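Here the structure is laid out as structure tokens; the discussion comes afterwards.
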Amino acid sequence: MPDVAPADAPLILWFRRDLRLADHPMLAAAVAAGRPLVPVFILDPETERLGAAAKWRLGLGVAAFAETLAALGSRLILRRGPALAVLEALLDQTGAAGVHWSRAYDPAGQARDTAVKAALKARGVQAVSHPGHLLHEPWTVETGQGGFYRVYTPFWKAVQGRDVMAPPPPPKALRAPGGWPASDRLDDWQMGAAMRRGAAVVAGHVAVGEAAALERLHRFLSGPVQDYATARDLPAVQGTSRLSENLTCGEIGPRTIWHAGMRARHEGKAGAETFLKELVWREFAYHLLHHTPHITHANWKPEWDAFPWRKDNADAERWRRGLTGEPFVDAAMREMYVTGTMHNRGRMIVASYLTKHLLTDWRVGAAWFDDCLTDWDPAANAMGWQWAAGSGPDASPYFRIFNPATQAEKFDPDATYRRRFIAELSRAPGPDALAYFDAVPESWQLNPKAAYPAPLIGLAAGRDRALAAYSARNS
DNA sequence: AGCCCGTTACA
DNA sequence: GTAACGGGC
């Protein structure tokens, strides 16, 4: 639409999970428009619904981003309520010419954004959504037949040779409006309320903000990337970039990571290609989420609706508490409580154990990850759980059941990881193992001196039971 | 991005 | 005896 608003009418920049200055197409476009800018973060119902750890972590990101904006002579206005109502009030208060944001790809976010865009356009103001969260818009990657990809490897082949937009540089200054609209105080939002005791423990393991994210990227590419292909599988080793936490809040853009990874590959750094492939796994998850949004809540393959998953149950509660008696499983579950993240190897093992050995619905596990992960991502969590359960695309066949003991021998041969997180296995437990008891709810009444529990189910018996349930459904 | 068991090849 | 490999789950 033609821009007929007065020249000094500001633009509202609606920030969501894009809390950065660099590699930010929306911000670059808004700065180029030359108008005063009113950055806003809205605690809307969709954001309120985040899991405890994700919401707490997002709050830290918002605080850091507000400081970043302040250093540029701008501000981050905080408002709470349904997004459309908040934006309409801000439009009235500022006389803004329009609202810009970076696109969301999850079903709830998309539904919200579609309604907001329609309503704003009906008011006669600009409503512009921009790319930025992904390397490529999901609808632009197509198979030869014009469909979407269901299998990772062809997706990777389609994506690896594509040009990725060069990241726009960060703006040096942001033009302030003549006056600032009122802002809530972040502390009043209590975004960490649901974390209870856990926040104090997990706080020691986060790296918040754009500068911290870039530091992680550069540290990784200047060393650990060389061993990434093998070290990434060892949970006792810090062999990964750990950027998932920053990516999910948008404190770093995927295009920045892509170009840095490509440079490392050109420089002949071993592991760089494997690293790029992991970034493309994230991209693939969003591709699937866009084309099959039911992946978040329903079996991706509907024939799995007949499978007799157990709903939530006492075994699943033991799993949540890191008390299955299976050391690799419990170490990983406790790692999540202590650090807010879980090593990828651990995620595959605990998901296999819950869905196969404990025959429990993958949605029970996915819901727990929603609540506990500071790096929670709607696309990756859904794809990962369905991959593990066997109900997803490009999924492991059902019979691919992880054996936690075999996995431990292969990937944690000296038990460093298991002992790091399970106090009961050491006479002198280390700080991470003890921190678990400080992080969990007091109502669990856990104590590091208690005996480590016997396994919930034998590994062979659990495997046989899962295979039997599967073949009963297929005969 | 698995596991397990049977077979085979070779020390 | 044990490592490597393949097929079926």
Side-chain angles (χ1 to χ4, degrees), chain A residues 149-157 159-160 225 227-237 239-242 244 270-285 287-288 295 300-301 303-304 307-308 326-329 332 335 341-359 362 365-366 369 375 377 379-413 417 455 457-475:
Chain A
Y149 286 96
R150 291 163 175 78
V151 181
Y152 174 75
T153 301
F155 182 83
W156 160 252
K157 287 185 177 148
V159 157
Q160 65 166 337
V225 68
D227 300 317
Y228 182 68
T230 50
R232 65 180 288 275
D233 271 325
L234 307 175
V237 175
T240 69
S241 75
R242 310 181 73 214
S244 57
E273 172 143 331
T274 308
F275 179 59
L276 289 167
K277 280 186 168 173
E278 292 306 310
L279 185 66
V280 170
W281 268 106
R282 171 180 180 274
E283 193 81 3
F284 184 53
H287 183 79
L288 290 170
I295 196 171
W300 193 86
K301 292 179 181 164
E303 59 266 33
W304 279 80
F307 190 78
E326 209 51 71
F328 209 158
V329 172
E335 177 186 24
T341 67
M342 188 191 294
H343 191 275
N344 182 248
R345 178 61 44 191
R347 296 189 199 208
M348 293 192 285
I349 291 166
V350 303
S352 170
Y353 187 81
L354 183 74
T355 57
K356 311 295 171 64
H357 285 83
L358 301 184
L359 274 181
W362 61 266
F369 275 28
D375 69 355
D377 176 284
N381 201 39
M383 179 185 71
W385 273 98
Q386 297 231 39
W387 179 87
S391 58
D394 198 32
S396 61
Y398 185 77
F399 44 74
R400 189 179 290 163
I401 299 167
F402 283 65
N403 180 325
T406 308
Q407 289 280 311
E409 275 171 42
K410 282 186 188 166
F411 299 111
D412 185 36
Y417 177 69
I457 185 166
L459 293 179
R463 175 188 167 82
D464 291 348
R465 185 173 71 174
L467 286 170
Y470 179 66
S471 50
R473 283 283 149 185
N474 283 273
S475 54

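Keep in mind that what you see is a predicted model, and the values were worked out from it rather than measured.
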Mind checking if [X] touches a base, just sugar-phosphate, or nothing, with heavy atoms under 4.0 Å?
| X | value |
| --- | --- |
| A/Lys410 | sugar-phosphate |
| A/Arg347 | nothing |
| A/Arg463 | base |

- Over 60° means perpendicular and under 30° means parallel, so classify the ring planes of A/Tyr152 and A/Trp156, tilted if in between. parallel

Separation of [N] [atom2] from [X] [atom1] (nearest whole Å):
| X | N | atom1 | atom2 | value |
| --- | --- | --- | --- | --- |
| A/Leu234 | B/dA1 | CG | P | 16 Å |
| A/Glu409 | B/dG2 | CD | P | 15 Å |
| A/Phe328 | B/dG2 | CZ | C1' | 14 Å |
| A/Lys356 | C/dC9 | NZ | P | 16 Å |
| A/Phe399 | B/dG2 | CZ | P | 13 Å |
| A/Leu459 | B/dC3 | CG | P | 11 Å |
| A/Phe402 | B/dC3 | CZ | P | 7 Å |
| A/Phe155 | B/dA1 | CZ | P | 17 Å |

- Message: Nearest to the A/Asn403 side chain among B/dA1, B/dG2, B/dC3, which nucleotide is it?
- Response: B/dC3

- May I ask you to establish whether A/Lys277 and A/Phe284 are in a cation-pi arrangement, using a distance under 6.0 Å from NZ or CZ to the six-membered ring centre and at most 45° from the ring axis? no

Any [X] side-chain nitrogen or oxygen under 4.0 Å from OP1 or OP2 of [N]:
| X | N | result |
| --- | --- | --- |
| A/Asn344 | B/dA1 | no |
| A/Arg400 | C/dG8 | no |
| A/Thr406 | B/dG2 | no |
| A/Gln407 | B/dA1 | no |

- Message: What I'd like to find out is whether the side chain of A/Tyr398 reaches to under 4.5 Å of the side chain of A/Lys356, using heavy atoms alone.
- Response: yes

- Query: Under the ring pair (Phe, Tyr, Trp, His ring centres under 6.0 Å) test, which residues partner A/His343, sequence neighbours left out?
  - Reply: none

- Item | Non-neighbouring partners of A/Tyr417 that pass ring pair (Phe, Tyr, Trp, His ring centres under 6.0 Å), sequence neighbours left out | A/Phe328, A/Phe421

